[in-house]
Amino acid sequence: MASKNDNEFCAILDFGSQYSQLIARRVRENRVYCEILPCTTTAKELAERGVKGVLLSGGPCGVYDEGAPQLDAAILDLDVPVLGICYGMQVACQSTGGEVIPSTEREYGDTTLFIDSTDNPIFAGCGDKLQVWMSHGDRVSKSGDSFSAIAHTENTPLAAVHDSSRNFYGLQFHPEVTHTLDEGKILNNFLYKICRFSGDWEIKDYVEWAVQEIRKQVGDGRVVCGLSGGVDSSVVALLIHRAIGDRLTCFFVDNGLLREGEAEQVCEVFQGKFQLDFRFIDATDRFLERLVDVTDPETKRKQIGYQFIEEFREAAKEFTDAKFLAQGTLYPDVIESVSPFSGPSVTIKSHHNVGGLPDDLDFELVEPLRFLFKDEARLIGKELGLPDEIVNRQPFPGPGLGIRIVGEITRDRLETLRAADAIVRKELESWSRHKEIWQGFAVLLPVRSVGVQGDQRTYEATAALRIVESVDGMTANWMLPPQDILARISNRICNEVQGINRVVLDISSKPPSTIEWE
Ligand code: XMP
């Protein structure tokens with residue numbers, strides 16, 4: 001599909017493994033376009049998609065569990081190579097007359113794999129011994145007649161099998177995780193030596209493909225897009241603009257809770273540089289009005305969310321002919337809804353999109369990033385000429401500074417926090433680990449303390465520094481910048497920001513704390 005060559009498509013059938021996305025990542029790192037499909041996908045459907053290689057993921061079930069996901073065995077008879085990983089191996093062996101039994105010893109963690117067929121292409125370059133990562137209770141005890149064992153571990157005689165008649169490979173261990181020390185060779189061997197992909201997947205191809213798809217979906221219709229200035233909605237806006245030009249209208253709602261310079265920057269980029277049909281809505285007064293006397297975090301979020309919907313409704317009135325709404329949904333959000341075995345919404349980000357627009361707005365969604373991971377969306381942003389400050393922007397919550405002001409939100413307190421936050425962000429730029437920071441910001445506390453400035457006694461507010469590293473925001477570790485950077489932040493805030501005379505460092509990880517204070 002999104003590849004230069006229409007046959008260059010790899011399918012990952014998801015049996016519910018927590019690693020399905022990781023497999024997809026690894027495949028794309030090998031420049032092969034892939035998609036994660038439900039494990040109920042049939043051989044016919046795969047054949048129609050012109051699939052060139054199939055991976056079967058692991059999964060939480062045992063093959064004999066009630067309701068355990070099954071494989072359409074005809075997939076193994078397609079004329080394409082199939083690689084089953086852990087459960088994927090077990091279900092494939094079971095469906096071709098093999099046997100799966102519970103292991104006497106549950107193997108979990110690092111294990112030595114003894115490679116018996118060192119000349120098998122799947123193990124090319126791996127030698128005869130490899131540290132691999134296992135996580136299984138069951139194992140294949142007997143494979144079908146045409147299978148041969150190609151590797152074993154101390155507890156698992158059939159740790160890797162090959163059925164040359166069906167072009168099937170099965171691995172009991174997980175080649176997709178970095179704890180398997182093959183340096184990515186096994187998956188690379190499967191894709192290149194066995195499936196013979198040409199590796200032509202490039203982000204540029206995705207742009208062309210997405211533009212065509214948007215044109216197909218939208219026809220001569222109009223699209224509206226709520227631009228937040230974050231990377232996802234920015235990339236979406238540029239992609240759609242490339243596809244349909246002025247039939248895209250973007251709204252940017254300034255809720256008065258943005259960081260210093262943010263609204264100006266978004267206007268400069270989208271109105272100035274890219275010349276989009278861009279509507280700037282200054283809704284500061286209306287948002288702040290709603291937030292008077294509100295101190296409860298959840299109430300803050302709700303009020304901010306409601307007002308956003310109001311603003312959107314009002315703005316959309318002008319475009320009664322707009323049938324489509326653009327959204328920056330990313331692949332990880334889509335996968336959760338694809339797999340019947342991925343468990344219910346563990347990581348559904350209720351705060352992910354424009355703030356949860358109600359159904360009665362009745363738009364058809366345009367989601368051009370729905371096959372991309374976050375870093376791929378960033379690459380597209382770069383490709384489309386989005387400035388680095390937006391491409392590499394730290395995540396910023398929809399309710400903005402509103403949930404970083406503990407207590408009541410007033411114009412004065414917003415101004416104070418904005419100034420302190422700008423200093424934190426600026427000074428952190430000089431840290432060598434700057435790129436590893438997931439979020440680094442200031443929080444305004446409702447705690448006043450005594451200080452001294454010149455000959456004057458002061459009694460002012462406290463700012464907390466929150467600096468964390470994280471992969472996805474679900475868990476996070478606090479970070480400790482070098483002392484000279486901390487000193488500069490603290491000195492500058494206490495000297496330059498009116499209303500703050502004390503700076504403290506937040507040294508809590510998530511869990512048990514959250515990243516935001518509210
Ligand atoms: P917490 O505070 O839950 O935050 O550890 C995890 C990540 O989510 C962001 N976050 C939000 N994003 N609307 C958003 O768009 C929200 O209401 C919201 N609350 C938290 C937070 O910045 C962090 O990256």
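What you see is a predicted model; the values in this text were computed from it and never measured. All ligand and atom numbering here is 1-based and tracks the order in the structure. Side chains included, hydrogens not; waters and symmetry mates left out as well; all remaining heavy atoms used.
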Give the numbers and elements of all ligand 1 atoms closer than 4.0 Å to a heavy atom of [X].
{"X": "W438", "answer": "24 (O)"}
{"X": "T514", "answer": "1 (P), 2 (O), 5 (O)"}
{"X": "G473", "answer": "6 (C)"}

Quick check: [X] and ligand 1, any N/O pair under 3.5 Å apart?
{"X": "P399", "value": "no"}
{"X": "I515", "value": "yes"}
{"X": "R301", "value": "yes"}

Is the H174 to Y19 ring centre distance short of 6.0 Å? yes
For the aromatic rings, using the six-membered ring if either is Trp, is the centroid distance between F312 and F251 under 6.0 Å? yes
Answer whether the closest heavy-atom distance between the side chains of Y33 and D205 falls below 4.5 Å. no
Do L276 and L238 come close enough that some side-chain heavy atom pair is under 4.5 Å?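 L276 reaches L238 side chain to side chain.
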Can you tell me if W517 has a non-hydrogen atom under 4.0 Å from ligand 1?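 False for this residue.
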Pairing donors with acceptors under 3.5 angstrom, does anything connect the side chains of S449 and R502? yes
From the options L83, V27, I186, select the one residue that forms a side-chain contact (heavy atoms from CB on, under 4.5 Å) with L191. V27
